[in-house]
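Since the structure comes first, as structure tokens, the remarks are kept for the end.
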Amino acid sequence: MAGQKDGGPERNWRPATEAVLAGREPFEHHGFVNTPIYRGSTVLSPTVAQFAGKSGRYVYGRRGTPTTDALAKAITTLEGGAGTALTSSGLSAITTALMAVARAGDHILVADTVYGPTRHFCDTMLSGYGVETSYYDPLVGADIGQLFKPNTRAVFLEAPGSLSFEMQDVPAIAAAAHKHGAAVLMDNTWATPIFFRPHDFGVDISIQAGTKYLGGHADANLGTISATADYWPKIKETTGSLGLNPGPEDVFLMLRGLRTLPVRLDRHMASGLKVARWLEGRPEVQRVLHPALASHPQHAIWKRDFKGACGLFAVVLKPFPQGAVNAFVEGLALFGIGASWGGYESLIIPFDCTKVRTATKWNPGGPTVRLHIGLEDPDDLIEDIEAGLARLAG
Ligand SMILES: Cc1ncc(COP(=O)(O)O)c(C=O)c1O
């Protein structure tokens, strides 16, 4: 894409530069650096012919505005896809993408470790519409080929796995899926396209909950669906048919978040690793589930395919009673207890995957907590956790 000045040479920049430039057209907006918030349903046409032919650049608010176009273009640039659809949440991006590829009578393969509500959608709405879901072990790799049925239309991946952080061999699974003519979808919210570009590894449809790191400030919900040229028409048609469009303020907040995404992610990664490594040395801790640690069972896959790690990981504690774990969590000064993640603030939640796994067994051998390491000073976070571990052991 071009630079800050109209008429500059077209070229591809490095991701941090793309994050600054992508989707911006200042001279379409009187030179203002940021694309403004366009609110609107009705778009007027100067002539009957233009109205009838829908030939204006914009035709109806739900079908796109300069604000939504700016974000969609920017995500397309970062993902390296053919087009991007925007939805009002990460979950609606997932459900829309699944609806785009599966029809009644089809079968889909979904990683056992997907985000819980993805699973809920497959087990309720999709099954109600006649689509059968089988859950597979995320570590299956190329052996996923054995799980295909003649009617398998899609494979859904998420890496690392929600809560339990298994890494998937994305290129091996994608190659096997393509051999069977199935679509490959991936929830890439953890890495974002800054740290992992799914399309470069064979994924046809790459999904992000922009709610997390793209927004980055815990103040907006949004989902993005990026597709390759083969799948973009299906995604565009499905999003259009369903009438999905996110609110303009949320789109603007995503554009604002995008400009600092690489810088924030670098800090989340550095602080996250510092806290994770410190936790590994603690006597109260059994294991730290963080793909960028050498101790992670699929660390080699992370190292081969990913350029970085965000601030989200989990810890398996030694077998303390749940009451002591709760006292540890509740007494922390800098970690809020809350779902979602990717904002500037640190978070912690206790979790248990037992009820949301069917193809694999969840048996970590101790209570588990998930941490999101925010942008606070990591030494303050470590001191806070240290005091918490004293409460836990005491
Ligand atoms: C991995 C993952 N994907 C998708 C979502 C859904 O995002 P949203 O809350 O915007 O629907 C979440 C939310 O926690 C998530 O963790």
Side-chain angles (χ1 to χ4, degrees), residues 71 75 79 84-99 110-122 124-125 135 138 156-168 170 185-196 198 203 205-226 239 242 244-247 249-251 253-254 257-258 261 265 268 272 289-291 302 306 309-314 336-343 345-353 356-357 368-374:
L71 181 59
I75 300 298
E79 297 262 16
T84 300
L86 307 176
T87 70
S88 60
S89 68
L91 181 58
S92 60
I94 293 164
T95 57
T96 303
L98 284 168
M99 281 191 280
V110 174
D112 201 34
T113 44
V114 285
Y115 175 57
T118 303
R119 196 179 181 102
H120 176 81
F121 175 75
C122 294
T124 54
M125 300 256 332
Y135 294 98
F156 192 98
L157 299 89
E158 182 181 323
S162 263
L163 299 169
S164 43
F165 294 89
E166 298 85 350
M167 290 302 295
Q168 296 199 253
V170 179
L185 296 79
M186 178 171 179
D187 180 340
N188 187 43
T189 302
W190 186 86
T192 85
I194 300 296
F195 285 157
F196 181 72
V203 172
I205 299 174
S206 166
I207 300 156
Q208 274 189 86
T211 310
K212 317 295 179 205
Y213 285 108
L214 186 58
H217 293 72
D219 54 6
N221 284 79
L222 189 130
T224 68
I225 314 171
S226 164
T239 332
L242 290 170
L244 306 178
N245 71 319
E249 269 85 9
D250 284 355
V251 175
L253 289 171
M254 295 296 145
L258 168 64
L261 178 65
L265 278 174
H268 284 291
L289 310 178
H290 189 310
W302 173 83
F306 283 54
C310 69
L312 192 77
F313 61 91
I337 305 170
S340 207
W341 39 275
E345 82 293 11
S346 289
L347 296 168
I348 187 167
I349 49 165
F351 69 91
D352 177 10
C353 297
V356 286
R357 302 285 185 263
T368 42
V369 289
R370 185 185 73 181
L371 283 90
H372 177 252
I373 301 303

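All heavy atoms count here, side chains included; hydrogens, waters and symmetry mates do not. As the structure is a computational prediction, the values presented were derived from the model and not from experiment. Numbering of ligands and ligand atoms starts at 1, following listing order.
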field: Heavy-atom donor-acceptor pair, Arg370 side chain to Phe351 backbone, under 3.5 Å
entry: no

query: Hey, is the main chain of Ile373 close enough, under 3.5 Å, to the side chain of His268 for a donor-acceptor pair?
result: yes

message: Please confirm whether the ring centroid of Tyr213 lies under 6.0 Å from the ring centroid of Trp341.
response: yes

- prompt: Would you say the side-chain atoms of Thr192 pair up with the backbone N or O of Ile194, donor to acceptor, closer than 3.5 Å?
  reply: yes

message: Quick one: does any side-chain atom of Thr96 pair with a main-chain N or O of Thr239 as donor and acceptor, under 3.5 Å?
response: no

task: Answer yes if the ring centres of Phe195 and Phe306 are under 6.0 angstrom apart, and no otherwise.
output: no

field: Residues in the immediate environment of ligand 1 (any heavy atom closer than 4.0 angstrom)
entry: Ser89, Gly90, Leu91, Ile94, Tyr115, Glu158, Ser162, Asp187, Thr189, Ala209, Thr211, Lys212, Asn221, Trp341

